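Input: one structure, supplied below.
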2 protein chains.
Amino acid sequence: MRSGGVPTLKDVAAAAGVSVMTASNAVNGRPRVAPATRQRVLDAVDALGYEVNLTARRLRAGRSGTIALAVPRLDHPYFGDLAARFATALAPGGRHLVLEQTGASKEGELTALSQARLQMYDGVLLSVVGLQHADVDRLQGDLPMVLLGERPMPARFDHVMLGNVEGARLATAHLLARGARRVAVVGGALDEEPGVSSTRTQGWREAHEAAGVPVDERLVLPAPALEMAEGRAAVDRALAEGLALDAVFAVTDQVAMGALAALHSHGRSVPGDVQVVGFDALSLGEHLWPALTTVDPRHDLLVEHALRLLDRRASGDRADPEHLVLPVRLLERASTR
Amino acid sequence: MRSGGVPTLKDVAAAAGVSVMTASNAVNGRPRVAPATRQRVLDAVDALGYEVNLTARRLRAGRSGTIALAVPRLDHPYFGDLAARFATALAPGGRHLVLEQTGASKEGELTALSQARLQMYDGVLLSVVGLQHADVDRLQGDLPMVLLGERPMPARFDHVMLGNVEGARLATAHLLARGARRVAVVGGALDEEPGVSSTRTQGWREAHEAAGVPVDERLVLPAPALEMAEGRAAVDRALAEGLALDAVFAVTDQVAMGALAALHSHGRSVPGDVQVVGFDALSLGEHLWPALTTVDPRHDLLVEHALRLLDRRASGDRADPEHLVLPVRLLERASTR
DNA sequence: TTGAAAGCGCTAACAA
DNA sequence: TTGTTAGCGCTTTCAA
C-alpha cells in the first residue's frame with residue numbers, strides 16, 4: 001500500500017497471496033472462489049480496512065450505485081421531503097441517493113445540468129421546475145433519466161407529472177362548494193409560461209367555469225419564486241388595496257403559509273373570514289394553526305413510478321417513454337369550513 | 001465515437017487531427033498549445049458536443065470539482081438552508097455541492113459514511129449530528145474533511161461548532177430578563193449523551209444559575225428527533241398535565257413551531273401568557289404569527305470557516321486541526337416581550 | 001509545441 | 001478455481 005494512502009485491491013491481493021482478480025471475485029461475492037481463499041481475502045480486507053474505490057468501479061463497470069435527484073433549490077422543504085422519500089425507497093436495494101442543485105434556467109445557473117455531472121450517476125431523477133425544454137434537450141447519451149414535474153419537455157424521456165390542473169381544480173371547487181365566491185390564487189400566473197403557477201391557475205379557472213362562478217383576474221396574485229415571503233407580501237398588498245376576497249387558493253403550501261401570516265396580521269380569521277387551501281401536503285401544514293387544507297401530490301406514487309421507470313431504462317429496456325400524470329386528492333383540514 | 005455513446009477526448013483528438021494529449025491541453029486551457037491548434041480542438045468539441053468524463057478525471061487526477069455535504073436528514077429545513085448556502089459559496093470557484101444523507105448512528109443507517117462513498121469527492125463537510133465518535137474515527141486516508149456541529153469527535157479533524165451552550169444561555173437569559181420564571185426547554189435532554197438537546201439544555205441551566213432562578217427539571221420536555229410533531233405533543237402533554245410554564249425555550253425552530261401550535265390549541269396567547277424562543281433562525285420563523293424570536297447560529301460564519309478549513313487541507317496543509325466555536329446572537333421578534 | 005507511454009483502480013472476457 | 005490480459009477516459013511525465 002502506498003504509504004499514507006488508502007489500500008487498494010492490489011494490496012488486499014498481496015496480503016492474501018492471490019491475484020487481484022481473485023480478490024475482486026471474493027470481495028464481490030462472486031461464485032467460483034474456494035471458501036478458504038475467500039476467507040483469506042476477507043481477512044485481508046478486514047486487516048487493511050479496504051473499501052472499493054467507487055470511482056474506478058464506475059469507470060470500468062459503468063455503475064456506482066448512486067442515483068441523483070436534481071432539483072432547482074435545496075432550501076425548499078418540498079424537495080427535501082421528496083428527496084427523503086427517494087432515499088428511503090432506494091436504500092433496500094443497496095442504492096444511494098445524492099441531491100444535486102440545478103438552479104433555474106433563467107438565471108443561467110445550470111451547473112448541475114451538464115452531461116459531465118450527470119454521467120457520474122447510474123441514473124438521474126430530474127425535477128424540471130424552472131428548466132426549459134432546450135436545457136433538457138441538450139442532454140445526449142443513454143443515461144437513465146426520469147423527468148419529474150409538469151412542463152413541456154422532450155418526449156423521448158420518461159416523465160412523471162403531478163396532477164397540477166386537477167389538484168387546483170379540486171382545491172378551488174372545494175372552496176366554491178363551501179360558499180366562497182372571491183377566491184384569490186396566490187402564486188398564480190396568467191402568462192403562458194408553463195409551470196407550477198400557470199397550470200395550477202388553469203385549474204382554478206376551470207373550477208370556476210364548472211361552477212358557473214365568474215373569474216376575476218385581479219384575484220391572481222403572483223409570487224414568482226413561490227416563497228413564503230412573496231405569498232405574504234402579495235396578500236398584504238391585496239388586502240391593503242381593498243381587494244375583496246373570501247378564500248385563498250395558494251399554489252404551494254409555502255405560499256399558503258405566507259398568506260396565513262398576512263391574513264392574521266390584517267385581523268382576518270381563518271376559516272371564518274377567509275378560507276385557505278394549499279398544495280403539496282408538506283408535513284408542517286398539519287401543525288399550523290389552523291391546520292392547512294391542502295392538495296396531496298401523492299409523492300408516494302411519484303417515487304414508485306419514477307423508480308420503476310428508471311430501473312426499466314437501467315436494465316436496457318428500449319420501450320417507448322411513458323408520460324404519466326398522477327392522481328391527486330384533497331386533504332381537508334381546519335383552514336376550510 | 002462508439003455509436004450511441006458519449007464522445008470522448010479520443011474522438012475530439014481524431015476530429016481535430018491531433019493527439020489525445022494535445023486535445024486535453026487545449027480543452028483545459030493549458031499553455032503551450034498553438035492558437036490555431038487550440039481552435040481546431042475547440043471546434044471539434046463543439047461539433048461533437050464533448051464534455052469531460054469526471055469519473056475518469058477523478059480516477060486519474062484525483063479531483064472532480066465536487067464537494068459533499070453529508071447530513072443526517074434531507075427533510076429538515078435546517079439542512080436545506082445550510083446546503084443552499086454552501087452551494088452558493090462554492091459556485092464562484094467553479095465547484096459544486098452535492099448533498100448526502102448519512103442517517104443516524106443508532107439506526108445503523110450510515111450508508112453515506114463509508115470511505116468508499118466519501119472518496120468520490122474532493123472534500124467532505126460532515127454534519128456530525130446523530131453520529132458517534134467511533135463512526136467518524138473509522139474514516140482513514142487523507143480526504144479533506146471538516147466536521148460541523150457540536151459533539152465530541154476525533155481531534156484530528158478540523159471541526160466547526162455552533163455556539164450551542166452560549167446560544168441557549170442567551171435565549172433563556174432573555175426570557176428570564178423579560179419576567180419569565182417557569183421556562184420549559186422543549187426538545188431538551190438531561191442525559192449525558194452529547195448533542196444538540198443536551199448542550200442546549202446545559203445553556204438553559206446555566207442561564208438559570210446566573211440569574212439565581214431555581215431550575216425545575218420537570219420543565220425539560222424531550223423531543224428526540226427534534227420534529228415539529230414531537231414539540232407539539234410534548235407541550236400538549238405538559239399543559240394537559242397542568243405543568244405551570246410562562247415561557248418556552250425550544251431547542252430548534254422546528255420544535256418551536258410545534259410548541260406554538262400546542263400553545264395555540266390550548267388557548268395560551270404568545271407572548272402574553274407564554275413567551276417563546278427558538279434556535280436556528282430558519283427563514284420561516286420570520287413569517288409566523290407571532291414572528292419567532294430565535295438564536296441565529298450564524299450560518300454565514302459557519303460556511304466561511306468550514307470552506308476555509310477545507311481548502312487549507314485540500315492544498316496539502318498539514319497544520320494542526322482547528323476546533324472553532326462560532327459566536328451566536330439573538331434575533332428578537334414578536335414571540336417574546 | 002506536440003505526442004507516446006504509463007497508469008489511476010477496477011472488472012469483463014478469456015486462458016490456464 | 002485461479003490468473004492473465006486488456007482497457008474504461010483521462011492526465012502526468014518525459015521525450016521528440
Side-chain angles (χ1 to χ4, degrees), chain A residues 1-2 4-41 44-45 48-66 115-117 119-120 122 141-143, chain B residues 1-2 4-41 44-45 48-66 115-117 119-120 122 141-143:
Chain A
M1 164 174 19
R2 300 191 336 282
V6 172
T8 71
L9 204 50
K10 200 166 141 191
D11 301 316
V12 172
V18 298
S19 74
V20 173
M21 202 54 236
T22 299
S24 173
N25 286 330
V27 166
N28 290 289
R30 285 189 272 261
R32 303 181 192 197
V33 178
T37 310
R38 182 186 306 278
Q39 195 52 55
R40 261 188 303 139
V41 172
V45 165
L48 296 173
Y50 169 80
E51 290 189 62
V52 66
N53 180 324
L54 290 173
T55 302
R57 173 181 285 173
R58 165 125 200 100
L59 181 61
R60 177 64 239 233
R63 66 194 148 77
S64 62
T66 310
Q115 200 74 271
R117 290 233 86 80
Q119 220 82 38
M120 300 182 72
D122 293 357
D142 41 18
L143 172 71
Chain B
M1 163 173 25
R2 298 192 336 281
V6 171
T8 72
L9 203 49
K10 199 167 141 191
D11 301 316
V12 171
V18 297
S19 72
V20 172
M21 204 50 238
T22 298
S24 173
N25 286 329
V27 166
N28 291 290
R30 286 190 272 262
R32 302 181 192 197
V33 179
T37 309
R38 181 184 308 277
Q39 194 53 55
R40 261 188 303 139
V41 172
V45 165
L48 296 173
Y50 169 80
E51 290 188 63
V52 67
N53 179 324
L54 290 173
T55 303
R57 173 180 285 175
R58 165 127 199 97
L59 181 61
R60 178 65 239 237
R63 65 194 150 78
S64 62
T66 309
Q115 201 73 276
R117 288 233 87 78
Q119 220 82 38
M120 302 183 69
D122 292 357
D142 42 20
L143 172 70

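So that the names make sense, note that chain A is the first sequence line, chain B the second, and so on, each numbered from 1. Fair warning: this is a prediction, and the values are worked out from it, not measured in the lab.
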Practice task
Check whether any side-chain heavy atom of B:Arg117 lies under 4.5 Å from a side-chain heavy atom of A:Leu54, and answer yes or no.
Solution key: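 Side chain of B:Arg117 against side chain of A:Leu54, heavy atoms only: contact under 4.5 Å found.
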Problem - End axis versus end axis in the helix from C:dT1-D:dA16 to C:dA16-D:dT1, the angle rounded to 10°, five pairs used at each terminus - result: 40°
Problem - Nearest-0.5 Å distance, OG1 of residue B:Thr66 to CE of residue A:Met120 - result: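 One finds 5.0 Å between OG1 of B:Thr66 and CE of A:Met120.
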Handout entry: Counterpart residues, side chain to side chain contact (heavy atoms under 4.5 Å, CB included), relative to A:Ala13 (two or more places apart)
Key =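 A:Ala13 satisfies side chain to side chain contact (heavy atoms under 4.5 Å, CB included) with A:Val18, A:Val20, A:Ala23 only.
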Practice task
Could you check how far CG of A:Leu48 sits from P of C:dG9, rounded to whole Å?
Solution key: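 Interatomic distance, CG of A:Leu48 to P of C:dG9: 14 Å.
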Exercise for the section: Tell me, with the steps shown, if B:Glu51 and B:Val6 meet side chain to side chain contact (heavy atoms under 4.5 Å, CB included). Expected result: CA-CA 9 Å; B:Glu51 290 188 63; B:Val6 171; over 6 Å; no
Exercise for the section: Determine the minimum heavy-atom distance between A:Val27 and A:Tyr50, stating which atoms define it. Expected result: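 Minimum heavy-atom separation between A:Val27 and A:Tyr50: CG1-CE2, 4.4 Å.
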Handout entry: Residue list, side-chain hydrogen bond (donor to acceptor under 3.5 Å, both in side chains) with A:Thr22, at least two apart or on another chain
Key = A:Ser19
Problem - Atom of A:Asn53, atom of A:Thr55 and distance for their closest heavy-atom approach - result: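 In this case the closest contact between A:Asn53 and A:Thr55 is OD1-N, 2.8 Å.
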Practice task
Figure out the NZ/P separation between B:Lys10 and D:dT11, and round it to whole Å.
Solution key: 16 Å
Practice task
Check whether any side-chain nitrogen or oxygen of A:Ser24 sits under 4.0 Å from OP1 or OP2 of C:dC10, and answer yes or no.
Solution key: no
Problem - Rounded distance (Å) that lies between atom C1' of C:dC8 and atom CG of A:Asp11 - result: 13 Å
Problem - Partners passing side chain to side chain contact (heavy atoms under 4.5 Å, CB included) against A:Ala44 (at least two apart in sequence or in another chain) - result: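 Applying side chain to side chain contact (heavy atoms under 4.5 Å, CB included) to A:Ala44 gives A:Val12, A:Ala15, A:Ala16.
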Problem - Distance in angstrom units between A:Met120 CE and D:dC10 C1', rounded - result: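 After rounding, the reported distance stands at 13 Å.
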Completion exercise
The correct set of residues in residues 52-62 of chain A placing a heavy atom under 4.0 Å from DNA chain D is A:Leu59, A:Arg60
Practice task
Can you tell me which residue pairs pass the salt bridge (charged side-chain N to carboxylate O under 4.0 Å, His left out) test with a partner in residues 16-41 of chain B, sequence neighbours excluded?
Solution key: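 Listed once each, the pairs would be none.
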Practice task
Mind listing the residues from residues 12-23 of chain B sitting with a heavy atom below 4.0 Å of DNA chain D? Number order is fine.
Solution key: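 The answer is B:Val20, B:Met21.
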Practice task
Specify the separation, in whole Å, of atom CG of B:Asn28 and atom P of D:dG9.
Solution key: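 B:Asn28 atom CG is separated from D:dG9 atom P by 17 Å.
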Practice task
Over all heavy atoms of both residues, which pair between B:Asp122 and B:Gly65 is shortest? Give the atoms and the distance, please.
Solution key: OD2-N, 2.7 Å
Practice task
Just call it for A:Asn25: base, sugar-phosphate, or nothing, with non-hydrogen atoms closer than 4.0 Å on any strand.
Solution key: nothing
Practice task
Using a cut-off of strictly less than 4.0 Å between a heavy atom of the residue and any atom of DNA chain D, enumerate the qualifying residues of residues 29-41 of chain A by number.
Solution key: A:Arg32, A:Val33, A:Ala34, A:Thr37
Problem - side chain to side chain contact (heavy atoms under 4.5 Å, CB included) partners for A:Ala61, two or more places apart - result: A:Arg57, A:Arg63
